[in-house]
Amino acid sequence: MDRVNDATGLDVRAAGEAGDHLDSRGETRIVKSGCFFCHGGCGIEVHVRDGRVVRVEGDADHPNNRGYLCVKGRAGVELLYHPDRLLHPLKRAGARGENRWSRISWDEAIETCATQLKKIIDRYGPLAVTGGDGTKADEVAWIVDLFLLNLGSTNRTGPGRAQCMLPRRAASNATFGNYYTPDYEGDPRLIVLWGDQPEISNHNSILGYKMLRKSKAGAKLIVIDPRRTAAARRADIWLPIRPGTDVVLAMSMMHVMIEENLFDRAFVEKWTNAPYLVDVETGDLLPDGEGHYLVWDKDRNLAAPSNWPSVRPALGGTFTVQGRECKTVWELLKTRCAQYDPRKAAAITWLKSEDIVRAARLYATTKPAALAWGVGLDMCVNAHQNGRACTLLECLTGNVDIPGGNMHPVPSHKGCRTFTDAFGEKLPDEAYVRQLGAERFRLCAGPTTKRYANNPAVLKAILTGKPYPVRAWVAIGGNPLLTWSNTKEVYRALMKLDFFMGVDLFMNPSLQLADIVLPAPTHFEKERLMETHGYGPYGNVRCVRAVEPLGEVRDEFEVCGDILRRMGMDQHWPWHTAVEFYEERLRGAGMNWAQVVEAGGAFDRIAYR
């Protein structure tokens with residue numbers, strides 16, 4: 001395949017197979033790989049000459065981005081060869097925070113990390129070690145998580161585990177059992193952008209150009225955003241909502257749909273718990289004693305198990321069951337939403353009541369419709385309920401698991417993220433009962449969800465020693481001084497640590513406070529397989545090594561394994577390379593690394609109801 005390099009005018013020829021990184025001196029070859037600068041999951045073509053990357057383009061053959069590539073992805077060469085990149089292991093030479101360093105060998109770096117972490121674990125226990133990533137969730141978050149879990153610590157943290165993404169993910173899991181996203185691969189006739197700006201920012205492999213193409217092809221557009229974004233300027237309805245009042249708008253829209261009988265009754269009755277009976281006094285669903293919930297059978301005029309073949313449940317109403325007053329879930333939702341009729345909601349949200357009604361009618365009557373949400377929904381005190389309200393709107397309109405609605409792709413394999421979470425769930429319950437934030441933030445921390453520690457609780461434990469001391473921090477791709485809230489408190493906490501190690505591309509403000517700083521590879525220098533199950537079906541892009549790592553740069557995965565081996569805690573880390581790890585994951589799905597490299601990734605499939 002011949003190409004012309006626009007920058008140089010030279011002929012560019014592809015030599016060898018995808019992923020092969022043997023080149024001939026003086027010739028330019030194209031290595032098909034993946035861009036990991038964000039969660040986009042884009043395929044790229046890396047132009048390599050004399051062992052150096054000279055150009056990056058979008059891969060037209062990749063099913064996700066189809067040749068499109070943002071300016072950040074194209075500028076990857078600048079980051080790869082930036083003069084300020086970390087290229088060697090460093091050890092603090094002065095007092096913490098003085099930013100004075102000595103270059104050390106990898107052996108000394110591994111030994112220091114292993115010795116200090118083991119010393120802290122032996123004295124305080126594994127929960128005394130915390131750490132996390134920045135926002136590179138599918139590249140390094142699972143690595144630092146798996147590392148901490150192998151140490152026995154459940155106190156894994158990060159900005160993306162709290163104020164970014166997790167509220168929406170927890171809300172979607174609570175409603176659907178998994179994470180649901182817009183099906184741009186289908187043919188939505190209406191797109192609802194709720195705090196989402198896909199024309200400039202991509203959401204976890206849901207690439208913005210897909211929304212733009214659907215909009216240009218005639219799909220109607222509702223934009224809910226305080227700002228008049230580019231999408232808002234072309235929208236059929238723009239709702240410039242008062243920040244923090246999203247849940248009120250959603251409930252008001254549901255009220256309109258219910259009162260005007262615009263909701264999808266067939267979906268609500270068959271696929272939701274709307275007909276289930278709730279004990280008014282306790283707020284609990286009524287069980288039948290055999291694990292099934294009760295509904296009110298309209299034909300028999302009595303409470304019956306929801307799984308009876310011939311039952312015809314009443315959607316609304318108040319009933320008496322065994323002397324207890326009961327209402328259906330739908331009745332409770334209806335009553336709750338009625339508190340926010342459009343006139344009242346307009347006063348709270350700073351919108352016009354007639355615009356709320358128009359948006360509700362358009363969303364309810366245009367099918368299929370896809371709702372896309374952004375991080376703005378997470379950044380307020382109603383974060384979880386914002387997400388819950390949006391998922392309920394998807395249910396009321398019946399836009400769930402249909403082409404062009406909202407869906408959850410069928411995973412192609414159990415990848416790095418799935419494996420790490422499953423491994424974490426095997427830790428003793430006590431590790432989650434004592435996890436920081438478990439008592440108060442039960443949708444994130446604790447034995448119910450078995451996921452992440454609460455960030456402010458981690459800082460408090462470092463600063464006060466309560467409920468127990470936290471003395472070590474492992475940062476891989478993380479810069480908490482800039483990405484966490486309350487910078488001064490973060491600074492005080494990092495300064496108080498006994499040991500702080502970091503792995504990154506550059507010396508960032510947080511790592512200036514560390515004891516050991518290790519050089520990390522770019523996506524041009526390592527192998528990875530992104531796992532974006534639950535987002536876009538084609539986001540599981542593979543990344544291959546296009547050039548040899550610069551300086552003494554090493555793969556974070558290998559470094560973590562070496563530290564565990566030096567500590568004698570590698571019983572559950574048998575892999576020496578990331579490819580070995582991926583081969584094991586892929587084998588369970590009947591695939592292998594070579595096949596994934598050739599295909600461009602391990603892509604999911606879309607299945608509808």
Output all residues satisfying salt bridge (Lys or Arg N to Asp or Glu O under 4.0 Å) with E580, sequence neighbours left out; order by chain, then residue number. none

Examine W573 together with F419 and report whether their ring centres are nearer than 6.0 Å. no

With sequence neighbours left out, the residues meeting side chain to side chain contact (heavy atoms under 4.5 Å, CB included) with Q595 are M591, N592

Using side chain to side chain contact (heavy atoms under 4.5 Å, CB included) as the criterion, list what pairs up with K214, not counting sequence neighbours. D187, P188, I191, A219

Which residue pairs pass the side-chain hydrogen bond (donor to acceptor under 3.5 Å, both in side chains) test when at least one of the two sits in residues 66-76, sequence neighbours left out? none

Does the separation of the ring centres of Y180 and W373 fall below 6.0 angstrom? no

Is there a salt bridge (Lys or Arg N to Asp or Glu O under 4.0 Å) between E525 and R85? Walk through the geometry before answering. CA-CA 13 Å; E525 305 164 285; R85 267 198 69 189; 3.0 Å; yes

Y452: what forms a ring-ring contact (aromatic ring centres under 6.0 Å, His included) with it, not counting sequence neighbours? none

Residues two or more places apart in sequence or in another chain: which of them pass ring-ring contact (aromatic ring centres under 6.0 Å, His included) with H88? none

With sequence neighbours excluded, give me every salt bridge (charged side-chain N to carboxylate O under 4.0 Å, His left out) pair touching residues 177-186. E185-K210

Using the ring centroid of each side chain, check whether F506 and H82 are separated by less than 6.0 Å. yes

Centroid-centroid distance, W484 to Y491, less than 6.0 Å: no

Could you pull out all residues at least two apart from H572 that satisfy ring-ring contact (aromatic ring centres under 6.0 Å, His included)? F423

Taking only residues at least two apart or on different chains, which pairs with a member in residues 583-597 satisfy salt bridge (charged side-chain N to carboxylate O under 4.0 Å, His left out)? none

Could you work out, with ring-ring contact (aromatic ring centres under 6.0 Å, His included) as the rule, every residue matching W101, not counting sequence neighbours? none

Atom pairs and distances, donor-acceptor, side-chain atoms in residues 511-520, under 3.5 Å, two or more places apart:
{"residue": "D515", "atom": "OD1", "partner": "R92", "partner atom": "NE", "Å": "3.2"}
{"residue": "D515", "atom": "OD1", "partner": "R92", "partner atom": "NH2", "Å": "2.6"}
{"residue": "D515", "atom": "OD1", "partner": "R96", "partner atom": "NH2", "Å": "3.3"}
{"residue": "D515", "atom": "OD2", "partner": "R96", "partner atom": "NH1", "Å": "3.0"}
{"residue": "D515", "atom": "OD2", "partner": "R96", "partner atom": "NH2", "Å": "3.1"}
{"residue": "D515", "atom": "OD2", "partner": "F500", "partner atom": "N", "Å": "2.8"}

Quick one: salt bridge (Lys or Arg N to Asp or Glu O under 4.0 Å) partners of E199, sequence neighbours excluded? none

For T577 and E558, test the side chains for any donor-to-acceptor distance below 3.5 angstrom and give the result as yes or no. no

